[in-house]
Amino acid sequence: MPEKKTTKGGTAAPVIEFQARDFELLRGLFESRLMTQEQATRLYFDGKTEAAKKRLQKLKALRLIAERERRVYHPAILYLTKRGFDCLATHGKLSDYPRLAWHQLEKRAQVSELTLGHEIDVVQVKAALAVALRATGRFAIAEFSTWPMLYQFKASKPRQAGHYSSGDMVVKPDGYLRLHEPVRLPDGSASDEYDEHLFFLEVDRSTESQETLALKAHGYRDYFQRGGLALRYGYKAEDYKSFAFRVLMVFRNAERRNNCAETLLRMNPPVLTQVWLATQEDVLRDPLGAVWMRPQDYRDATAGSAFDASRPVKGVYRRRPEREAWVAAKVAYRGLI
DNA sequence: TCGGTGACCCTTCCTGGGGA
DNA sequence: TCCCCAGGAAGGGTCACCGA
């Protein structure tokens, strides 16, 4: 049964029938804090710009969403208003989220320009993946969240030489994706059973040190080996192998990606296959295509060459465009699924 | 009948490039 | 340096079509 909503007073009070898509959009804004109109169009309107434009205008007129102050020629960045938040709460659309008062959400939505860029990048990757997955017709997205608080976890820090204990750290993923892929019966039809694919997402803005990235990779490995995800879904930690996940790291350029691959290979023990690396440009173009590499793939591509990661690092860091060219030509890129 | 959507067009506001 | 123009981004108007 459609639900009607009107506004009080004013001129030309808009009246709309809420659709499931409206709530999905509002929930999306609740989770991701911000998204551009273009991203909302891709995520919730199948890329249909005119349809998105009209619907978003109505939601803005109802003051359920609003856009950040911007230059007229800059893309519109949408956010959820208090009225939108109340609307979701009233319709019971926030029951599967932690309880959050409006003032907490309002504070969360006040982001700096630096954070803004990161949030938009994360949603950009999310939109690219969601659109590509939808287009395959093979997968159902069971969860795709970009709210770090929902999936953050504690992991132990790597032990340092001369120290008996290692201490804990909190890892806050930029995103978490759970996919269902129906198992095909011999006749080609889909059964009730499905395979599950689990991913954590890290979108790098070149603002963190390689050491921090390595620390995160260590954290993910620790979380896996301790059965953190198994426990999250109500299973025993010993069942951790049934909850194998990959960590997708997306970088601004190939140099940064390759540096990270080298860093992960130099860890002790090295991270070889759990972390998958790609550039943002490649992911936005073809997120499911052969654009991903694992540190092990990087190692294979550079083995015995002047860029072999096992060679000791000497002196200060210098750019090596020839390394990027070498890797681009030699590495065996992988498709995500 | 009405709401939602798609398509097309016009307008506003601004940036950036090119030429005088 | 100034002016002109193309183009980006989005708001808004209108009309036609579809489906409940």
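All chains are named by letter (A, B, ...) in the order of the sequence lines, taking the proteins before the strands, and each is independently numbered beginning at 1. Because the structure is a prediction, the values reported are computed rather than measured.
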Fill in the blank from the handout: note: Arg21(A), atom CZ; dG4(B), atom P; distance rounded to Å ~ 10 Å
Problem - Atom-to-atom span, OH of Tyr44(A) to P of dT5(B) - whole angstrom - result: 16 Å
Problem - From Thr81(A) atom OG1 to Ile65(A) atom CD1, the distance as rounded to the nearest 0.5 Å - result: 8.0 Å
Handout entry: For Thr273(A), side-chain contact (heavy atoms from CB on, under 4.5 Å) partners two or more places apart
Key = Arg294(A), Gln296(A)
Problem - Length of the line joining Leu25(A):CG and dT5(B):P, which is rounded to integer Å - result: 12 Å
Problem - Nearest-angstrom distance from the residue atom CG of Leu78(A) to C1' of dA9(C) - result: 13 Å
Handout entry: Protein-nucleotide distance (Asp22(A), atom CG; dT5(B), atom P), rounded to Å
Key = 8 Å
Completion exercise
Quick note, side chain to side chain donor-acceptor pair (under 3.5 Å) partners involving residues 122-141 of chain A, not counting sequence neighbours, are Gln39(A)-Gln124(A), Arg138(A)-Glu181(A)
Problem - Bracket notation of DNA chain C in which parentheses pair within the strand, [ ] cross earlier pairs, and | pairs with another strand (Watson-Crick or G-U, under 3.5 Å) - result: ||||||||||||||||||||
Problem - Inter- and intrachain pairs under salt bridge (charged side-chain N to carboxylate O under 4.0 Å, His left out), touching residues 327-337 of chain A, at least two apart - result: Asp297(A)-Arg334(A)
Find every protein N or O atom lying less than 3.5 Å from an N or O atom of nucleotides 11-13 of chain C, and list the pairs.
| from | atom 1 | to | atom 2 | distance (Å) |
| --- | --- | --- | --- | --- |
| dG11(C) | OP1 | Lys60(A) | NZ | 2.4 |
| dG11(C) | OP1 | Glu67(A) | OE1 | 3.3 |
| dG12(C) | O6 | Lys53(A) | NZ | 2.7 |
| dG13(C) | N7 | Lys54(A) | NZ | 3.4 |
| dG13(C) | O6 | Lys54(A) | NZ | 3.0 |

Problem - Residues in side-chain contact (heavy atoms from CB on, under 4.5 Å) contact with Ala329(A), at least two apart in sequence or another chain - result: none
Acceptor/donor pairs from residues 169-176 of chain A side chains to any protein atom, 3.5 angstrom cut, sequence neighbours excluded:
| from | atom 1 | to | atom 2 | distance (Å) |
| --- | --- | --- | --- | --- |
| Asp174(A) | OD2 | His118(A) | NE2 | 3.2 |
| Asp174(A) | OD2 | Val203(A) | N | 2.8 |
| Tyr176(A) | OH | Tyr233(A) | OH | 2.9 |

Handout entry: Qualifying residues under side-chain contact (heavy atoms from CB on, under 4.5 Å), relative to Pro98(A), sequence neighbours excluded
Key = Met149(A), Leu150(A)
Problem - Qualifying residues under side-chain contact (heavy atoms from CB on, under 4.5 Å), relative to Glu322(A), sequence neighbours excluded - result: Phe307(A), Arg320(A)
